[in-house]
2 protein chains.
Amino acid sequence: MSKAEPAVLFAALGDPTRLGLLARLADGGEYSIARLGEGLPVSRQAVAKHLDILQDAGFVRRRKSGREVQITLRREGIETARHWLDQVGAQWDGTLGRLRDLLEGDG
Amino acid sequence: MSKAEPAVLFAALGDPTRLGLLARLADGGEYSIARLGEGLPVSRQAVAKHLDILQDAGFVRRRKSGREVQITLRREGIETARHWLDQVGAQWDGTLGRLRDLLEGDG
DNA sequence: CATATGAGCAACCAGGAGGTTGCCTATATG
DNA sequence: CATATAGGCAACCTCCTGGTTGCTCATATG
(Lines give C-alpha, C1' and ligand atoms only; values in the text may rest on other atoms or scores of the structure.)
Protein backbone atom coordinates (compact mmCIF):
# COMPACT_ATOMS: atom_id res chain seq x y z
CA MET A 1 0.00 0.00 0.00
CA SER A 2 1.60 3.22 -1.06
CA LYS A 3 -1.46 5.46 -1.32
CA ALA A 4 -2.86 6.63 2.00
CA GLU A 5 -5.04 9.47 3.17
CA PRO A 6 -3.09 12.50 4.28
CA ALA A 7 -4.25 12.25 7.87
CA VAL A 8 -3.01 8.66 8.01
CA LEU A 9 0.30 9.84 6.63
CA PHE A 10 0.80 12.46 9.28
CA ALA A 11 -0.56 10.28 12.03
CA ALA A 12 2.19 7.83 11.18
CA LEU A 13 4.70 10.60 11.72
CA GLY A 14 3.08 11.70 14.93
CA ASP A 15 5.04 9.46 17.25
CA PRO A 16 8.56 10.05 18.53
CA THR A 17 9.56 6.41 18.25
CA ARG A 18 8.51 6.28 14.62
CA LEU A 19 10.27 9.53 13.85
CA GLY A 20 13.35 8.01 15.41
CA LEU A 21 13.07 4.98 13.16
CA LEU A 22 12.72 7.17 10.09
CA ALA A 23 15.68 9.23 11.19
CA ARG A 24 17.74 6.10 11.49
CA LEU A 25 16.61 4.97 8.06
CA ALA A 26 17.33 8.36 6.56
CA ASP A 27 20.86 7.35 5.66
CA GLY A 28 19.38 5.13 2.99
CA GLY A 29 20.63 1.94 4.57
CA GLU A 30 18.85 -1.36 5.08
CA TYR A 31 18.12 -2.37 8.64
CA SER A 32 16.68 -5.52 10.10
CA ILE A 33 13.87 -5.00 12.58
CA ALA A 34 16.04 -6.11 15.46
CA ARG A 35 18.78 -3.73 14.45
CA LEU A 36 16.37 -0.84 14.06
CA GLY A 37 15.17 -1.43 17.55
CA GLU A 38 18.61 -1.45 19.12
CA GLY A 39 18.92 1.19 21.77
CA LEU A 40 15.24 1.97 21.82
CA PRO A 41 13.45 1.56 25.14
CA VAL A 42 10.73 -0.62 23.66
CA SER A 43 10.37 -4.26 22.77
CA ARG A 44 10.99 -5.69 19.33
CA GLN A 45 7.26 -6.24 18.96
CA ALA A 46 6.62 -2.60 19.52
CA VAL A 47 9.15 -1.72 16.85
CA ALA A 48 7.51 -4.16 14.46
CA LYS A 49 4.13 -2.55 15.06
CA HIS A 50 5.57 0.87 14.40
CA LEU A 51 7.04 -0.41 11.17
CA ASP A 52 3.63 -1.75 10.18
CA ILE A 53 2.21 1.71 10.60
CA LEU A 54 5.05 3.34 8.72
CA GLN A 55 4.64 0.84 5.94
CA ASP A 56 0.89 1.36 5.66
CA ALA A 57 1.56 5.06 5.37
CA GLY A 58 4.07 4.38 2.64
CA PHE A 59 7.15 5.58 4.45
CA VAL A 60 9.10 2.34 4.52
CA ARG A 61 9.50 -0.80 2.48
CA ARG A 62 9.99 -4.35 3.76
CA ARG A 63 12.16 -6.83 1.96
CA LYS A 64 12.44 -10.36 3.20
CA SER A 65 15.92 -11.77 3.15
CA GLY A 66 16.58 -15.10 4.77
CA ARG A 67 15.19 -15.10 8.25
CA GLU A 68 15.53 -11.36 8.45
CA VAL A 69 13.40 -8.55 7.08
CA GLN A 70 15.25 -5.64 5.64
CA ILE A 71 13.63 -2.24 6.06
CA THR A 72 14.37 0.73 3.85
CA LEU A 73 13.07 4.26 3.67
CA ARG A 74 10.59 5.09 0.93
CA ARG A 75 11.33 8.67 -0.02
CA GLU A 76 8.24 8.92 -2.19
CA GLY A 77 6.21 8.65 0.98
CA ILE A 78 8.05 11.55 2.56
CA GLU A 79 7.57 13.42 -0.66
CA THR A 80 3.81 12.91 -0.55
CA ALA A 81 3.55 14.27 2.96
CA ARG A 82 5.69 17.23 2.05
CA HIS A 83 3.53 17.91 -0.95
CA TRP A 84 0.48 18.22 1.25
CA LEU A 85 2.21 20.75 3.46
CA ASP A 86 3.18 22.67 0.35
CA GLN A 87 -0.46 22.90 -0.61
CA VAL A 88 -1.50 24.38 2.69
CA GLY A 89 1.53 26.56 3.14
CA ALA A 90 1.82 27.80 -0.40
CA GLN A 91 -1.49 29.48 -1.04
CA TRP A 92 -0.89 31.99 1.67
CA ASP A 93 2.81 31.95 1.15
CA GLY A 94 3.19 33.19 -2.36
CA THR A 95 2.49 36.53 -3.95
CA LEU A 96 -1.04 35.44 -4.68
CA GLY A 97 -1.70 35.20 -1.01
CA ARG A 98 -0.25 38.60 -0.39
CA LEU A 99 -2.25 40.09 -3.19
CA ARG A 100 -5.36 38.58 -1.82
CA ASP A 101 -4.59 40.02 1.56
CA LEU A 102 -4.29 43.46 0.09
CA LEU A 103 -7.48 43.15 -1.89
CA GLU A 104 -9.57 41.84 0.92
CA GLY A 105 -8.80 44.86 2.95
CA ASP A 106 -6.49 44.19 5.82
CA GLY A 107 -3.97 46.67 4.60
CA MET B 1 3.68 28.15 22.18
CA SER B 2 5.37 28.06 18.83
CA LYS B 3 8.16 25.57 19.53
CA ALA B 4 6.98 22.01 19.70
CA GLU B 5 8.64 18.65 19.33
CA PRO B 6 8.41 17.25 15.82
CA ALA B 7 6.24 14.33 16.84
CA VAL B 8 3.75 16.72 18.42
CA LEU B 9 3.73 18.71 15.22
CA PHE B 10 2.89 15.76 13.04
CA ALA B 11 0.47 14.31 15.53
CA ALA B 12 -1.46 17.55 15.27
CA LEU B 13 -1.68 16.98 11.53
CA GLY B 14 -2.68 13.37 11.96
CA ASP B 15 -6.40 13.91 12.10
CA PRO B 16 -8.72 14.48 9.13
CA THR B 17 -10.81 17.08 10.93
CA ARG B 18 -7.74 19.13 11.76
CA LEU B 19 -6.42 18.84 8.23
CA GLY B 20 -9.79 20.09 7.05
CA LEU B 21 -9.52 23.09 9.34
CA LEU B 22 -6.06 23.89 8.06
CA ALA B 23 -7.22 23.51 4.49
CA ARG B 24 -10.00 25.97 5.15
CA LEU B 25 -7.56 28.37 6.73
CA ALA B 26 -5.11 28.01 3.88
CA ASP B 27 -6.66 30.92 2.01
CA GLY B 28 -5.16 33.19 4.62
CA GLY B 29 -8.49 34.37 5.90
CA GLU B 30 -9.63 34.86 9.47
CA TYR B 31 -12.37 32.57 10.70
CA SER B 32 -14.31 32.49 13.91
CA ILE B 33 -14.47 29.12 15.63
CA ALA B 34 -18.15 28.78 14.82
CA ARG B 35 -17.55 29.58 11.19
CA LEU B 36 -14.66 27.16 10.96
CA GLY B 37 -16.91 24.44 12.25
CA GLU B 38 -19.70 25.05 9.78
CA GLY B 39 -20.46 21.98 7.73
CA LEU B 40 -18.32 19.73 9.88
CA PRO B 41 -20.05 16.75 11.47
CA VAL B 42 -18.75 17.58 14.95
CA SER B 43 -19.77 19.90 17.73
CA ARG B 44 -18.30 23.36 18.28
CA GLN B 45 -16.52 22.05 21.36
CA ALA B 46 -14.79 19.43 19.30
CA VAL B 47 -13.65 22.09 16.85
CA ALA B 48 -12.36 24.21 19.70
CA LYS B 49 -10.37 21.28 21.03
CA HIS B 50 -8.88 20.65 17.63
CA LEU B 51 -7.90 24.28 17.43
CA ASP B 52 -6.21 23.99 20.82
CA ILE B 53 -4.10 21.18 19.46
CA LEU B 54 -3.31 23.05 16.26
CA GLN B 55 -2.34 26.08 18.29
CA ASP B 56 -0.11 24.12 20.64
CA ALA B 57 1.65 22.72 17.60
CA GLY B 58 2.07 26.21 16.24
CA PHE B 59 -0.12 25.87 13.17
CA VAL B 60 -2.72 28.48 14.01
CA ARG B 61 -3.01 31.74 15.86
CA ARG B 62 -5.95 32.96 17.96
CA ARG B 63 -6.92 36.61 18.07
CA LYS B 64 -9.72 37.76 20.32
CA SER B 65 -12.04 40.26 18.74
CA GLY B 66 -15.17 41.22 20.60
CA ARG B 67 -17.04 38.14 21.61
CA GLU B 68 -15.45 36.18 18.80
CA VAL B 69 -12.06 34.58 18.40
CA GLN B 70 -10.47 34.93 15.03
CA ILE B 71 -8.29 32.06 13.86
CA THR B 72 -5.57 32.41 11.28
CA LEU B 73 -3.02 30.05 9.80
CA ARG B 74 0.53 30.27 11.06
CA ARG B 75 2.73 29.62 8.07
CA GLU B 76 5.85 29.24 10.17
CA GLY B 77 4.35 26.15 11.75
CA ILE B 78 3.76 24.53 8.40
CA GLU B 79 7.25 25.55 7.45
CA THR B 80 8.72 23.82 10.47
CA ALA B 81 6.98 20.57 9.70
CA ARG B 82 8.02 20.74 6.08
CA HIS B 83 11.56 21.39 7.11
CA TRP B 84 11.60 18.23 9.12
CA LEU B 85 10.40 16.19 6.17
CA ASP B 86 13.10 17.79 4.07
CA GLN B 87 15.70 16.52 6.51
CA VAL B 88 14.46 12.94 6.37
CA GLY B 89 13.84 12.97 2.64
CA ALA B 90 17.20 14.41 1.79
CA GLN B 91 19.71 11.95 0.42
CA TRP B 92 22.81 11.13 2.37
CA ASP B 93 24.70 14.36 1.89
CA GLY B 94 25.45 15.61 5.35
CA THR B 95 22.05 16.89 6.34
CA LEU B 96 21.78 13.91 8.61
CA GLY B 97 23.65 15.57 11.39
CA ARG B 98 21.03 18.24 11.56
CA LEU B 99 18.32 15.64 11.70
CA ARG B 100 19.95 14.02 14.67
CA ASP B 101 20.07 17.40 16.30
CA LEU B 102 16.39 17.90 15.78
CA LEU B 103 15.50 14.57 17.28
CA GLU B 104 17.93 14.16 20.10
CA GLY B 105 18.83 17.73 20.77
CA ASP B 106 15.70 18.86 22.50
CA GLY B 107 14.55 15.55 23.85
C1' DC C 1 20.50 -32.80 14.35
C1' DA C 2 20.16 -29.42 18.12
C1' DT C 3 19.93 -24.97 19.18
C1' DA C 4 19.94 -20.07 18.85
C1' DT C 5 17.93 -16.19 16.70
C1' DG C 6 14.81 -13.08 13.65
C1' DA C 7 10.30 -12.31 13.03
C1' DG C 8 5.01 -12.98 13.03
C1' DC C 9 0.60 -13.73 15.69
C1' DA C 10 -2.62 -13.12 19.37
C1' DA C 11 -4.32 -11.81 23.72
C1' DC C 12 -4.30 -8.45 26.82
C1' DC C 13 -3.85 -3.84 29.35
C1' DA C 14 -3.50 1.23 30.60
C1' DG C 15 -3.78 5.68 29.03
C1' DG C 16 -4.84 9.13 25.84
C1' DA C 17 -7.60 11.04 21.96
C1' DG C 18 -11.78 12.45 20.03
C1' DG C 19 -16.27 13.13 20.95
C1' DT C 20 -20.44 14.59 23.64
C1' DT C 21 -23.41 17.23 27.00
C1' DG C 22 -24.31 20.69 30.50
C1' DC C 23 -23.36 24.91 32.41
C1' DC C 24 -21.16 29.43 32.76
C1' DT C 25 -19.27 34.09 31.07
C1' DA C 26 -19.07 37.82 27.93
C1' DT C 27 -20.45 40.53 24.21
C1' DA C 28 -24.03 42.11 20.79
C1' DT C 29 -28.52 43.55 19.74
C1' DG C 30 -33.76 44.38 19.93
C1' DC D 1 -33.04 45.41 30.35
C1' DA D 2 -33.83 40.98 28.05
C1' DT D 3 -32.22 37.88 25.01
C1' DA D 4 -29.44 35.67 21.57
C1' DT D 5 -24.96 34.27 20.30
C1' DA D 6 -19.66 33.15 20.55
C1' DG D 7 -16.61 30.75 23.47
C1' DG D 8 -14.56 28.57 27.60
C1' DC D 9 -14.60 24.92 31.32
C1' DA D 10 -15.39 20.51 33.10
C1' DA D 11 -17.16 15.99 33.54
C1' DC D 12 -17.80 12.02 31.22
C1' DC D 13 -17.69 8.10 27.74
C1' DT D 14 -15.75 5.06 24.16
C1' DC D 15 -12.40 3.43 21.29
C1' DC D 16 -7.90 3.44 19.44
C1' DT D 17 -3.00 3.38 20.27
C1' DG D 18 1.27 2.13 22.15
C1' DG D 19 2.96 -1.10 24.92
C1' DT D 20 3.57 -5.73 26.97
C1' DT D 21 4.04 -10.99 27.27
C1' DG D 22 3.76 -15.72 25.57
C1' DC D 23 3.84 -18.73 21.87
C1' DT D 24 4.98 -20.44 17.23
C1' DC D 25 7.44 -20.64 12.81
C1' DA D 26 11.46 -20.33 9.98
C1' DT D 27 16.15 -19.87 9.09
C1' DA D 28 21.09 -19.86 10.44
C1' DT D 29 24.82 -22.08 12.78
C1' DG D 30 27.48 -25.23 15.99
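Reminder, nothing fancy here: chain letters follow the sequence lines and each chain counts from 1. Scope of the values below: all heavy atoms of this structure, side chains included, with no hydrogens, waters or symmetry mates.
Contact annotation: the side chain of Leu13(B) approaches that of Leu22(B) to within less than 4.5 Å [non-hydrogen atoms, C-beta and beyond]. Taking 4.5 Å as the limit, every side-chain heavy atom of Val69(A) sits out of range of all side-chain heavy atoms of Arg63(A). Contact check for Val47(B) versus Val42(B): side-chain heavy atoms found under the 4.5 Å cut-off. Between Arg24(B) and Leu36(B), some side-chain heavy-atom pair lies under the 4.5 Å cut-off.
Here chain A contacts DNA chain D (any atom closer than 4.0 Å to a heavy atom, that is under 4.0 Å), and the contacts span dG18(D) to dA28(D) from 5' to 3'.
Tracing side-chain contacts under 4.5 Å through hydrophobic residues (I, L, V, M, F, W, Y), one never reaches Trp84(A) starting from Ile53(A); they form parts of separate clusters.
Inspection of the His83(B) and Glu79(B) side chains reveals no N or O donor paired with an N or O acceptor under 3.5 Å. A donor-acceptor contact closer than 3.5 angstrom links the side chains of Arg62(B) and Gln55(B).
Protein atom CG of Leu51(A) is 16 Å distant from nucleotide atom C1' of dC9(C), rounded to whole Å. Regarding Asp56(B), its CG atom lies at a distance of 14 Å from the C1' atom of dA17(C), rounded to whole Å. Between the NZ atom of Lys49(A) and the P atom of dA11(C) there is a distance of 12 Å, given to the nearest Å.
Between Leu85(B) atom CG and Phe59(A) atom CZ the span is 7.0 Å, to the nearest 0.5 Å. Between the OG1 atom in Thr72(B) and the CG atom in Asp27(B) there is a gap of 11.0 Å [rounded to 0.5 Å].
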Distances under 3.5 Å only, N/O to N/O: pair up the protein atoms with those of nucleotides 24-28 of chain C.
{"unit_1": "dT27(C)", "atom_1": "O2", "unit_2": "Arg67(B)", "atom_2": "NH1", "d": "3.3"}

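Between Gln45(B) and Ala11(A), the one whose closest nucleotide on DNA chain D sits nearer the 5' end is Gln45(B). Along DNA chain D, the nucleotide nearest Val42(A) and the nucleotide nearest Ser32(B) are compared for position; the residue whose nucleotide lies closer to the 5' end is Ser32(B).
Closest approach to the Ala46(B) side chain among dT21(C), dA7(C), dG19(C) is made by dG19(C) (side chain taken as heavy atoms from C-beta onward). Distances from the side chain of Ile33(A) to the nucleotides dG19(C), dG8(C), dG18(C) place dG8(C) closest.
Counting any heavy atom pair closer than 4.0 Å across all strands shown, Arg35(B) reaches no nucleic acid atom.
Taking side-chain N and O atoms only, Arg44(B) has no distance below 4.0 Å to OP1 or OP2 of dT21(C).
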